[in-house]
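Accompanying notes for the structure given below.
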Amino acid sequence: MATNVMELNLLGTSQSPRARCPAPFLSKTYDLLEGVADDEDDDDDDKRNIVSWNAEGTGFVVWSPAEFSELMLPKYFKHNNFSSFIRQLNTYGFKKTSSKRWEFKHEKFQKGCRNLLVEITRKKCEPSIFPAYLKASEENTMTAMEENNNHQLLLEENKNLRREKLELQTQIAQFKALEIKLLDYLTQCMGNNQNKVRRLC
């Protein structure tokens with residue numbers, strides 16, 4: 001009988017194999033970040049410019065949402081929708097920690113601590129208008145970020161065009177000076193030839 005009680009206690013306290021495995025979304029997100037952090041190729045430097053752990057290793061930053069959606073999400077997930085990725089993070093209790101960049105944290109999601117992933121669970125929430133509001137807010141933020149990126153690109157393009165214009169104006173001034181010298185030389189040559197003709201006559 002003592003053995004049966006002991007077996008029941010063991011069964012009651014042990015977790016099922018499924019309960020010991022982290023959610024696939026969490027594992028894939030962790031693999032994505034660890035894959036970028038571990039690889040040392042030049043190509044992976046580019047990936048670190050797209051997404052990486054934060055300096056403390058307590059969260060991660062998506063530096064370029066557009067490239068993240070296009071290059072990273074399809075490799076690890078079955079979609080390329082950044083908003084959907086954020087919604088998944090929210091369902092597991094991740095928090096966006098910066099208004100200036102896409103940085104996310106969860107106390108159990110840390111660099112080098114894969115074992116903590118099993119402790120992260122989905123939040124249970126009642127249906128509300130919040131997800132629709134969140135989606136609109138994310139779209140507005142993405143639009144604002146894209147506009148800011150476009151603005152920066154236009155400023156850079158404008159700067160390059162001004163530099164090119166200045167170089168062209170300098171070249172034009174040099175050619176005009178050369179033209180004047182050539183005309184002066186031609187005039188002198190023509191004048192000398194006329195004097196020679198007069199002397200011969």
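None of these values were measured; they are calculated from a predicted model.
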Subject >> Residue pairs fulfilling side-chain hydrogen bond (donor to acceptor under 3.5 Å, both in side chains) with at least one residue in residues 179-190, sequence neighbours excluded >> reply: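 Matches after skipping sequence neighbours: none remain.
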**OP:** Taking all heavy atoms of Asn80 and all of Ser69, pick out the closest pair and write down the distance.
**Re:**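 For Asn80 and Ser69, the tightest heavy-atom pair comes out as CB-O, 3.0 Å.
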**OP:** Identify the heavy atoms of Asn90 and Lys123 that sit nearest to each other, and give their distance.
**Re:**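 Scanning both residues completely, I find the closest heavy atoms to be O-CE, 2.9 Å.
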**OP:** Flag yes if Leu116 and Val118 sit in one hydrophobic cluster, no otherwise; membership is Ile, Leu, Val, Met, Phe, Trp, Tyr, and two members link when side-chain heavy atoms are under 4.5 Å apart.
**Re:**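 Cluster IDs for Leu116 and Val118 differ.
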Original post:
Hydrophobic cluster mates of Trp63, side-chain heavy atoms under 4.5 angstrom, ILVMFWY only, any path?
Top reply: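 Besides Trp63, the hydrophobic cluster comprises Val61, listed by chain and residue number.
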Original post:
Who else is in the cluster with Ile180 when I, L, V, M, F, W and Y are joined by side-chain contacts under 4.5 Å?
Top reply: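 Traced through the cluster, Ile180 reaches no other member.
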Could you check whether any side-chain heavy atom of [X] comes within less than 4.5 Å of a side-chain heavy atom of [Y], counting everything from C-beta outward?
X	Y	result
Glu67	Met72	no
Phe109	Leu117	yes
Phe82	Trp102	yes
Lys96	Arg101	no
Phe104	Lys95	no
Asn81	Leu73	no

Original post:
Within the distance-only criterion (no hydrogens, no angle test), does the side chain of His106 pair as donor or acceptor with the backbone N or O of Ile120 below 3.5 angstrom?
Top reply: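 No, His106 side chain to Ile120 backbone: no donor-acceptor pair under 3.5 Å.
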**OP:** Let me see the working for Leu182 and Leu178 under side chain to side chain contact (heavy atoms under 4.5 Å, CB included), right down to the final yes or no.
**Re:** CA-CA 6 Å; Leu182 287 172; Leu178 182 61; 4.2 Å; yes
Subject >> Pairs where residues 154-172 contributes a residue and the test salt bridge (Lys or Arg N to Asp or Glu O under 4.0 Å) is met, not counting sequence neighbours >> reply: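 Residue pairs passing salt bridge (Lys or Arg N to Asp or Glu O under 4.0 Å), neighbours aside: Arg163-Glu167.
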Original post:
Only one of Phe77, Phe85, Tyr76, Phe60 clears ring-ring contact (aromatic ring centres under 6.0 Å, His included) with Phe68; which?
Top reply: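 Testing Phe68 for a ring-ring contact (aromatic ring centres under 6.0 Å, His included) against Phe77, Phe85, Tyr76, Phe60 leaves exactly one candidate, Phe85.
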Original post:
CG/Asn54 to NZ/Lys111 distance, rounded to the nearest 0.5 angstrom?
Top reply: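 Reported value, rounded in 0.5 Å steps: 9.5 Å.
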Subject >> Gap between atom NZ of Lys108 and atom OG1 of Thr58 - 0.5 Å precision >> reply: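 So the OG1 of Thr58 and the NZ of Lys108 are separated by 14.5 Å.
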Original post:
Residues in side chain to side chain contact (heavy atoms under 4.5 Å, CB included) with Glu107, at least two apart?
Top reply: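 For Glu107 there are no side chain to side chain contact (heavy atoms under 4.5 Å, CB included) partners, ignoring immediate neighbours.
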Identify all side-chain donor-acceptor contacts of residues 22-30 below 3.5 Å with residues at least two apart in sequence or on another chain.
from: Thr29; atom 1: OG1; to: Phe25; atom 2: O; distance (Å): 2.8
from: Tyr30; atom 1: OH; to: Gln110; atom 2: O; distance (Å): 3.4
from: Tyr30; atom 1: OH; to: Gly112; atom 2: N; distance (Å): 2.8
from: Tyr30; atom 1: OH; to: Cys113; atom 2: N; distance (Å): 3.0
from: Tyr30; atom 1: OH; to: Arg114; atom 2: N; distance (Å): 3.4

